[in-house]
Amino acid sequence: MPSITTRDGVEIFFKDWGPKDSQPIVFHHGWPLSADDWDAQLLFFLAKGYRVVAHDRRGHGRSTQVGDGHDMDHYAADAAAMVEHLDLKNAVHVGHSTGGGEALHYTVRHGKGRVAKLVLIGAVPPLMLKTDANPGGLPIEVFDSFRKALADNRAQFFLDVPTGPFYGFNRSGAKISQGIIENWWRQGMMGGAKAHYDGIKAFSETDFTEDLKAVEVPTLVMHGDDDQIVPFADSAPLSAKLVKGATLKVYPGFPHGMCTTHADTINADLLAFIQG
């Protein structure tokens, strides 16, 4: 399988499809998933002539189930190692949820001269955790409950999340797809429990405020206003205000997993931003 080995010996699996001389789009997946979560986007943009790249975060999917380094600094450095290996330039970086934090941190820390545009979808920045400075965040007890559920019965937890809040399948009138639920479970269970456990701290307690202020490329912030995983009010509008010149696009009634449930809408808006 195609992979690169990081400086600390972690093998990072990646997909690299499409013409090597076309503009690359790099996709950063959410917790606890893999590059497979971008299937609907990879195939769409491949058909439009783009070079599409997506990797499995360390400890996730087909990458090494290493016991350490599950933090945003390592996530961004791993992405940078892949980008440098493939020598990607003028790239659009698209991140969903935890991957939004990763794409942002990569862009600011490693992406100068390589990143053309940035897209944050249902993303965790600026900060998910409730603090004195972030009173609208979620209390630590919410994330402690995630950790407990994962440690007690990860397989059941990874059924409960997609069956309920992730795709909005717990909403009245929702069109439920068993295939989507099982695909989420499959991706999650491919990864390592340690990476997933530590990743909860990474996505909930990392403060991206300074990263957002430092972005120098055109940025699109996309978020569903019925996101039950990363609540809208304390994420997208705040991020869009902190990024100079950012565009905020809100999707009424869309869930956290809208890239899958509403792929046609999301793909069209992504294409318009990339081509704009």
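Below, each value reflects all heavy atoms present in this structure, side chains not excepted, and no hydrogens, waters or symmetry copies. Note that this is a predicted model, so its numbers are computed, not measured.
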For Pro19 and Tyr50, which heavy atoms make the closest approach, and how far apart are they?
CD-O, 3.9 Å
Looking at Thr265, Asp269, Asp227, which hits side-chain hydrogen bond (donor to acceptor under 3.5 Å, both in side chains) with Tyr251?
Asp269
Would you kindly confirm whether Tyr197 and Met190 end up in one hydrophobic cluster when ILVMFWY residues are joined by side chain heavy atoms under 4.5 Å apart?
no
Answer yes or no: is there a side-chain heavy-atom contact under 4.5 Å between Leu270 and Met222?
yes
Hydrophobic clusters here meaning ILVMFWY residues chained together by side-chain heavy-atom distances under 4.5 Å, can you tell me if Phe146 and Leu159 are in one?
yes
Before accepting this row, confirm whether a basic side-chain N of the pair Arg109/Asp73 lies closer than 4.0 Å to the acidic partner's carboxylate O.
yes
For the CZ atom of Phe158 and the CZ atom of Phe166, what is their distance to the nearest 0.5 Å?
11.0 Å
Verify the distance criterion only: is there a donor paired with an acceptor across the side chains of Asp36 and Asn183 at less than 3.5 Å?
no
So Val108 and Glu210, side chain to side chain contact (heavy atoms under 4.5 Å, CB included) or not? Walk me through it.
CA-CA 9 Å; Val108 171; Glu210 296 307 314; over 6 Å; no
Which distance, rounded to the nearest 0.5 Å, do you find between the OG of Ser145 and the CG of Leu138?
10.0 Å
Does the pair Lys194/Asp198 count as a salt bridge with the N-to-O cut at 4.0 Å?
yes
Per side-chain hydrogen bond (donor to acceptor under 3.5 Å, both in side chains), Arg114 is matched among Asn90, Thr107, Asp87 by Asp87
For Glu102 and His55, which I'm curious about, is there any donor-acceptor pair between the side chains at under 3.5 Å?
yes
With side chains defined as the heavy atoms from C-beta onward, is the minimum distance between Val94 and Phe27 less than 4.5 Å?
yes
Do the rings of His29 and His60 sit parallel, tilted or perpendicular, given the 30° and 60° boundaries?
tilted
Expected output: side-chain Thr206 to main-chain Phe203 donor-acceptor under 3.5 Å:
no
Above 12 or not: heavy atoms from other molecules or residues under 6.0 Å from NZ of Lys112?
no
Could you please spell out the steps behind the side chain to side chain contact (heavy atoms under 4.5 Å, CB included) verdict for Ile180 and Phe169?
CA-CA 10 Å; Ile180 287 175; Phe169 290 159; 4.2 Å; yes
Do the ring centers of His28 and Tyr75 come within less than 6.0 Å of each other?
no
Main-chain N/O of Pro126 paired with Thr209 side-chain donor or acceptor, under 3.5 Å:
no
Report the distance from atom CZ of Phe232 to atom CG of Asp226, rounding to the nearest 0.5 Å.
11.5 Å
Just verifying a value: how many Å separate Asp234 CG and Asn134 CG, rounded to the nearest 0.5 Å?
4.0 Å
Tell me whether Gln156 at atom CD has more than 12 heavy atoms from other residues, nucleotides or ligands lying less than 6.0 Å away.
yes
Distance flag, aromatic centroids of His105 and His110, threshold under 6.0 Å:
no
If you take all heavy atoms of Ser63 and Asp56, which pair is closest and at what distance?
OG-O, 2.6 Å
Using a 4.5 Å cut-off on heavy atoms from C-beta on, say whether the side chain of His93 contacts that of Val26.
yes
Walk me through whether Val243 and Val221 qualify under side chain to side chain contact (heavy atoms under 4.5 Å, CB included).
CA-CA 10 Å; Val243 177; Val221 180; 5.7 Å; no
Intermediate values then yes/no, salt bridge (charged side-chain N to carboxylate O under 4.0 Å, His left out), Arg57 and Asp78
CA-CA 8 Å; Arg57 187 170 301 120; Asp78 292 348; over 6 Å; no
Less than 4.5 Å apart, side chain to side chain, heavy atoms only: is that true for Pro218 and Phe273?
yes
Let me check something: do Leu127 and Trp31 share a hydrophobic cluster, defined by ILVMFWY side-chain heavy atoms less than 4.5 Å apart, either directly or through other members?
yes
Under a single-linkage definition using a 4.5 Å side-chain heavy-atom cutoff for Ile, Leu, Val, Met, Phe, Trp and Tyr, are Leu88 and Val119 assigned to the same hydrophobic cluster?
no
Heavy atoms of Cys259 and Ala40 approach each other most closely as O-CB, 4.3 Å
Does a side-chain heavy-atom distance below 4.5 Å link Gln41 with Asn267?
yes
Please round to the nearest 0.5 Å and tell me the distance separating atom CD1 of Ile121 and atom NE2 of His223.
11.0 Å
Go through the steps to decide whether Phe45 and Leu271 satisfy the test side chain to side chain contact (heavy atoms under 4.5 Å, CB included), and finish with yes or no.
CA-CA 8 Å; Phe45 285 100; Leu271 181 63; 3.9 Å; yes
Where is the tightest heavy-atom contact between Glu11 and Ser3, given as atom of each residue plus distance?
OE1-OG, 4.0 Å
Near-ring test His196/His70, centroid separation under 6.0 angstrom
no
Do the side chains of Phe143 and Met128 get nearer than 4.5 Å, heavy atoms only?
yes
What one should report as the nearest heavy-atom pair of Gly188 and Leu33 is N-CD2, 4.4 Å
Heavy-atom donor-acceptor pair, His96 side chain to His256 backbone, under 3.5 Å
yes
Nearest heavy-atom contact between Val230 and Gly122 is CG2-O, 3.7 Å
Under 3.5 Å donor-acceptor, Thr6 side chain and Ile4 backbone
no
From CG (Leu120) to NZ (Lys249), nearest 0.5 Å:
15.5 Å
Side-chain contact, heavy-atom cut-off 4.5 Å: Thr261 with Lys175?
no
Donor-acceptor side-chain pairing of Ser34 and Gln187 below 3.5 angstrom:
yes
Tell me whether Met72 shares a hydrophobic cluster with Ile200, the cluster being built from Ile, Leu, Val, Met, Phe, Trp, Tyr side chains joined at under 4.5 Å.
yes
Under a 4.5 Å cut-off applied to non-hydrogen side-chain atoms, are His262 and Pro255 in contact?
yes
